[in-house]
Amino acid sequence: MKLVEMVWKRLLTAGFAVVFSVCLAGTVFAEALVIGSNVSGVKVGTLLSKAQVVKVGDGQTLRLMLPSGRTKVIKGPASAEVAVLTRNQTRNEKIWKTVLASLKTKGGSSSDRIGAVRGMSVAPKPVAKVATLSFNAVPLNDGGTVCVVQGGDVALVRRGSGTAGDVTVFNAKAGTKAKVSFAAGQARVAWPDDLPLVDGHYAIIAAGAPMRQVSLRVLDGVPGDESMLSDLAERGCVAQTAQYLATLK
Amino acid sequence: MRKHHFLETGVFACVVAFLFASVLAFAVGRMPGQFATQLLTPNWMPQQIVKLIETSNDVQVAMVADVLPAEHPDIAIVLINEEALSELAYVSPIDRAWVSDLVKAIAALKPRVIALDLLFDRSTEPAKDALLIETLSTLDIPVVLGAADERYRMTEQARAWQAAFLAKTGSPVGYLNLQYDAQEASGDPIIRYRAAAQNGGLYPRSFADRIAEAAGHNFGSGGARSAGAKSDGIGGNRRIPWLGQPSEGETFFALDAVAVLEAARDPDGFLAVALGPQIAGRIVIVGGDFPGRDRHPTPITMHGDDDMLGVQVHAQILAARLDGRFLTDLGPRTVQAVVFGLSFFGLVAGILLHRRGKMLAWGASIATLGVVVAGLAALWVTREVVPLALFVSVLLGSVVVARLLVRFAPSLRL
């Protein structure tokens with residue numbers, strides 16, 4: 001009976017060890033994330049393990065997100081040793097979560113691609129669904145968290161030309177508000193001078209439209225290439241993170 | 001006294017399990033498929049397990065892929081590659097006079113139908129455009145053309161040009177669109193289903209359906225093949241029953257466009273004599289084979305290096321239509337019933353065996369294995385894809401819930 005019990009305990013321990021190893025592998029191996037690549041066989045979204053060495057050929061470029069969230073661009077000919085690139089870095093979970101979510105194709109299905117060719121050269125890609133990356137546009141229709149640059153001609157932007165009307169922007173915490181007027185056909189109006197552009201939550205109120213909430217994260221300047229992704233993701237500017245990643249694909 | 005307590009607890013456990021299982025089965029029935037998978041693959045879960053869960057259905061599809069003893073008897077593919085276009089002045093769009101020559105060369109080999117998996121959405125040289133229209137409209141062999149429908153993003157000018165060009169040929173036209181599904185956890189796209197027609201679109205039938213019709217197969221007014229409702233494209237089931245590669249040869253007989261043109265130059269030559277029997281009476285689909293272009297991930301190419309060419313995807317869909325093969329997902333009612341049963345079993349077992357940890361662990365392991373084996377057996381017999389990850393999660397989740405219930409509800413303790 002004791003023997004059976006001992007065997008059982010060892011089996012159980014071994015089982016836990018296997019499960020634990022798999023779980024650990026999932027976190028430890030995910031050392032660098034490919035966010036841009038024209039290297040054959042290395043797709044955007046691939047997680048590179050610590051042990052991997054990626055050969056980047058002449059004329060090829062590999063753009064990696066490191067555990068810290070910083071971006072590393074490797075231009076060929078070169079070898080990218082993930083262990084070396086990621087040495088002594090701790091993983092910034094917030095950035096990784098945001099970036100991984102942005103890289104995911106949103107669920108559901110679509111039939112907007114065809115299985116045919118026009119010819120040998122590259123067919124025009126479908127028009128990108130993601131808007132262009134900008135640090136001076138506060139979208140009125142979408143809400144969410146937006147990163148803007150202080151002193152960067154920030155403007156309130158609405159989709160479509162629309163009719164003439166007033167929009168009130170209200171900073172709930174500071175208790176300040178300002179009204180801007182859109183002319184018919186006008187899509188962009190400068191951020192009101194009498195409303196300080198500071199971090200915080202803003203309510204956007206327009207007649208005949210549901211209220212939107214926008215959280216602004218004000219940056220001192222446009223982030224550099226290496227820190228662009230981490231700066232956007234860390235501040236929760238999810239839409240802009242996706243827009244930036246789309247430019248790398 | 002103890003027996004009485006056991007009975008009392010057992011009845012109470014059954015009532016609790018019945019209520020829990022009913023709620024769970026109802027919820028699963030109402031839950032969109034992608035949401036269910038996302039619930040099963042939370043963000044903290046290791047990538048390896050997520051992959052295992054999300055590919056469990058695709059692996060089943062790959063497992064039941066039919067394998068013919070040799071190449072498909074009714075379909076052949078002519079591939080246009082870089083070499084074929086190497087001497088042309090421009091390569092996109094492909095020189096229409098060259099396409100015209102290729103079509104004539106294929107026609108000389110007496111196929112049943114010629115289908116062009118090419119996009120005609122802009123003009124080239126007017127004389128050559130006109131030449132191709134003339135060739136296509138005067139050929140004595142049925143020709144099928146493809147079009148990108150309203151879902152494909154293109155300029156209105158290109159869309160109008162495409163419609164006008166195709167109309168002038170007088171050939172039947174089917175939409176070339178493919179349905180892409182996001183793999184729920186990784187987000188990578190994959191082709192699992194045939195694309196449905198765009199509601200009110202200009203092209204109500206798919207390219208493959210148009211080819212089958214031109215070859216004499218009648219799908220009836222609703223697009224359904226009379227041979228069986230399960231192969232119906234209208235009734236919701238559009239899963240593609242893929243053909244695996246035979247042990248010898250390719251899934252579809254494929255040859256280069258250059259070879260066909262060579263054969264046409266010398267109709268009595270060796271090449272023409274050799275190719276004649278391979279092409280005669282077959283449906284020939286012409287498509288492109290260029291590096292990195294028009295290649296699509298599918299369940300049967302998941303673990304290989306090469307994705308499937310667009311022309312091969314259309315050929316797969318056509319082959320299934322011609323052969324009357326089908327592959328469905330387990331019906332929602334059956335899924336609900338199984339979820340109810342597994343959840344009920346897991347909860348009752350978890351409550352009644354809460355003092356016998358080892359027995360419960362063994363029972364859960366054996367039951368999990370049983371679910372997987374039964375699921376695969378069902379797949380084999382009924383050709384219905386079973387949501388194994390969901391079933392196993394429900395079973396094990398119910399056992400865990402039972403353990404928690406016992407901890408917080410003393411009346412459930414034996």
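Computed from a predicted structure; not experimentally measured. Note that these values count all heavy atoms, side chains included, but never hydrogens, waters or copies made by symmetry. By convention in this document, chain letters (A, B, ...) are assigned in the order of the sequence lines, proteins followed by strands, and residues within each chain are numbered from 1.
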Please report the interatomic distance [atom1]([X]) to [atom2]([Y]), rounded to the nearest 0.5 Å.
X        : Y        : atom1 : atom2 : answer
A:Ser111 : B:Ile191 : OG    : CD1   : 9.5 Å
B:Asp294 : A:Ile114 : CG    : CD1   : 7.5 Å
B:Asn177 : A:Arg113 : CG    : CZ    : 11.5 Å

More than 12 foreign heavy atoms under 6.0 Å from [atom1] of [X]: is that the case here?
X        : atom1 : result
B:Arg356 : CZ    : no
B:Lys128 : NZ    : yes
A:Gln213 : CD    : no

If we define contacts as heavy-atom pairs under 4.5 Å, which of B:Ala148, B:Ala196, B:Pro93 has the most with chain A?
B:Pro93

Just jot down the ring-ring contact (aromatic ring centres under 6.0 Å, His included) partners of B:Tyr203, sequence neighbours excluded, or say none.
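If we apply the ring-ring contact (aromatic ring centres under 6.0 Å, His included) test to B:Tyr203, skipping adjacent residues, there are no hits.
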
Of the backbone (N, CA, C, O) and the side chain (C-beta and beyond), which part of B:Leu85 lies under 4.5 Å from a heavy atom of chain A, both, or neither?
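B:Leu85 touches chain A through side-chain heavy atoms alone.
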
Counting only heavy atoms closer than 4.5 Å, note whether B:Glu82 contacts chain A via side chain, backbone, both or neither.
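For B:Glu82, backbone and side chain are both near chain A.
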
Contact summary for B:Leu176 and A:Ala116, nearest pair of heavy atoms:
CD1-CB, 3.5 Å

Donor-acceptor pair, side chain of B:His296 and main chain of A:Gly115, under 3.5 angstrom
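Looks like no, no N/O pair under 3.5 Å.
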
Quick one: does A:Arg118's side chain get under 4.5 Å of B:Leu118's, heavy atoms only?
no

